[in-house]
Amino acid sequence: MSFSGEINFDGLIGPTHNYAGLSKGNLASQAHHNHTSNPQAAALQGLEKMRIIMEQGIPQGFFLPHERPNLQTLRKLGFSGADEEVIYRAGKQSPELLKNVYSSSSMWAANAATFSPSIDSYDQQIHITPANLNSMFHRSIEPDFTQIQLQIMFGSMAQIHDPISHISGYGDEGAANHLRVTARHLDPGYQIFVYGNSAFDKKEGVIARQAEEISHAVSAQHQLDPERTIFLRQNNLAIESGSFHNDIVSLANEQVFIFHQEAFADRVELDRAVSHLRENIPNFQPFEILSKDISLDELVSSYLLNSQLITVGSNEMMMWLPEEVQNHSNCMHWIETMKDSSPIKHFKFVDIRQSMMNGGGPACLRFKTVMNDEEFSQVNQKFLLNPKKLIDLKSLVSKHYRDNLGPEDLMDIQLMEESHTFLDELTQLLDLGSIYYFQKT
Ligand code: SUG
C-alpha cells in the first residue's frame, strides 16, 4: 500500500509496568489492583502490535518509556539523599506515592497529546499539544518528557505547544478524547473534541477527565477552522459505566465514524454534528451501535471500540481488536453485520492482555498522526520502526525486563537499577544520546 498519510507512534511499554489500581473510574485498573504483572510480556505484546501495523504498510513509530521511578518528582516532594534513600523513604512514608512514580502509564500514547495535521490549520502547520493529564497524579508527571520527545521527533516542522494549564483540577487527555473525520487522511478534515464537563461544573462521583474549556483551548491553539470543529459532551452514564475516555465508546477513521447510542450527552447536538458531516464529507458513513444490540456495560468490558481502525486499500479498512472481544457474542455478531454494511472488511484480533488489564486497548497504545510526504521525510528516523530495529528492541526487552512484578517489588532498589540500565542501552541503541534525567546527573 502506498503511504496514505497515517503514521502511528506507540508507547514502548516500560520495565516497571505494574498493576497499582491508580485510575479510579477505569474498571480494569481497579479490578487488577495488586495483581502481579509481566512487564516483559507486556512490552513484547506491544512490539508485536507495532509489527502487525507495520506489515500492513503503515509507517510505525514509537515513544520511549519515561524514566521510572520518577525520582525528580520525589525530590520535588522533599525526599532527599542518594537515589536508593529517596526510594526507601518514599516507600516507607507513602507506598501509594511510590506506586504513582513507578507507573509505566506513558505506554498509552493516545493520551500523550492532541494532533492536528497541517491541512486543517490556518497556518498550514502541524500542531501538537501534549496533554496535561492532570486528573490522575501518576499521569500528570508525563507531559514534560512527552514534550521533550515530541520535540526530538518532529523538530521545527511541527508546532509543539506547551500543555494547556489545568483549570480547577481538570485535565486534558489528548487524542483519546479527539476524533478526526475526513474523506481521506490528507484531505481537510473535521475535528471532534469530546469533553466530560465544564471545568467549573464538577459532578460528585463522576470523574470527567477532559474539561470543555481545555478542548476549546487546544482547538484555538491549533488554529482550526471553527466551521470544521465540533464539540460534543460525553454522557455521564458512559463515564460512570467505565468509559473514562471517549475512545472506549466511539471511533473514527477517514469517512467512518462509529459510536454507541449512549456515548454522548446531547442527542440533538449529536444529530446536528452527524448531518453537518454528512453534508460536507463525501461518502461519510456513521454507524451507531444501539444499546439493545450491545449494552454500554458490554461495550466497556469488551473494549470493542478501543480498536485500531486502519485503511488498507482503496476504500477498505481493517480493524485490530483486543482478543477479549471474542468472548462477547453480541460484539462478534456486530462484526459480522459490519462486514456487509461498511468498508471494514477485515477484523483481526491482537493479544495485548497485559495492557488491557490496566484499561488500555489497541487504540490507547497508539498516537495517530497524519502528515504529507514532505513532512514525513522530516520525522526523526530514530523513532521509526523497521524490521531490524524491531528485533533489536525485542531482544533488549527480553534481556532486561522481569517476567513478574508484584507490588512489594517496587521497594527493591534493583528494579530501579534494571530500569536505568535498560533505558541507557535503549538510548544507545537508538543513538539518542543522554535524554533521561538519570543520564545527566
Ligand atoms: O489513564 N490506566 C490508564 C489507561 C489509559 C487508556 N487510554 C485510553 N483509553 N486512550 C488510565 O486510566 C492504570 C494504571 C494502574 O492502575 O496501575 C492506568 O493508568
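Just so you know, ligand 1 is whichever comes first in the structure, and atom 1 is the first atom listed for that ligand.
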Centres of the [X] and [Y] rings: under 6.0 Å?
{"X": "Tyr401", "Y": "Phe422", "value": "yes"}
{"X": "Phe383", "Y": "Phe9", "value": "no"}
{"X": "His216", "Y": "Phe231", "value": "yes"}

So among Trp108, Tyr437, Phe145, which one has a ring pair (Phe, Tyr, Trp, His ring centres under 6.0 Å) with His66?
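Of the listed options, the one satisfying the test is Phe145.
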
Could you tell me whether [X] approaches ligand 1 through its side chain, its backbone, both or neither, with non-hydrogen atoms closer than 4.0 Å?
{"X": "Asn111", "answer": "side chain"}
{"X": "Asn26", "answer": "side chain"}
{"X": "Arg209", "answer": "side chain"}

Testing Leu305, Asn306, Leu27 for side chain to side chain contact (heavy atoms under 4.5 Å, CB included) with Val300, which one passes?
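Passing option: Leu27.
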
According to the interplanar angle, ranging from 0 to 90°, do the rings of Phe259 and Phe257 count as parallel (below 30°), tilted (30 to 60°) or perpendicular (above 60°)?
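Rings of Phe259 and Phe257: tilted, as their planes differ by 30° to 60°.
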
For ligand 1, which atoms sit closer than 4.0 Å to a heavy atom of Arg139?
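With Arg139 as reference, the close atoms of ligand 1 come out as 1 (O), 3 (C), 5 (C), 11 (C).
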
Polar contacts were defined as any N/O atom of the residue lying under 3.5 Å from an N/O atom of the ligand; does this apply to Glu173 and ligand 1?
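So ligand 1 has no N or O lying under 3.5 Å from an N or O of Glu173.
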
Any nitrogen or oxygen of Phe244, main chain or side chain, under 3.5 Å from a nitrogen or oxygen of ligand 1?
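Looking only at distances, the answer is no, because the N/O contact criterion of under 3.5 Å is not met.
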
May I ask whether Leu133 has any heavy atom positioned less than 4.0 angstrom from an atom of ligand 1?
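Contact check Leu133 vs ligand 1: negative.
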
Arg366 to Ser307 - nearest heavy-atom pair and separation:
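The pair with the smallest heavy-atom distance is NH2-O, 4.5 Å.
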
[atom]: which of [options] has the nearest heavy atom?
{"atom": "atom 7 (N) of ligand 1", "options": "Ala110, Cys364, Gly11", "result": "Cys364"}
{"atom": "atom 19 (O) of ligand 1", "options": "Glu142, His138, Met357", "result": "His138"}
{"atom": "atom 17 (O) of ligand 1", "options": "Ala176, Ala20, Gly360", "result": "Ala20"}

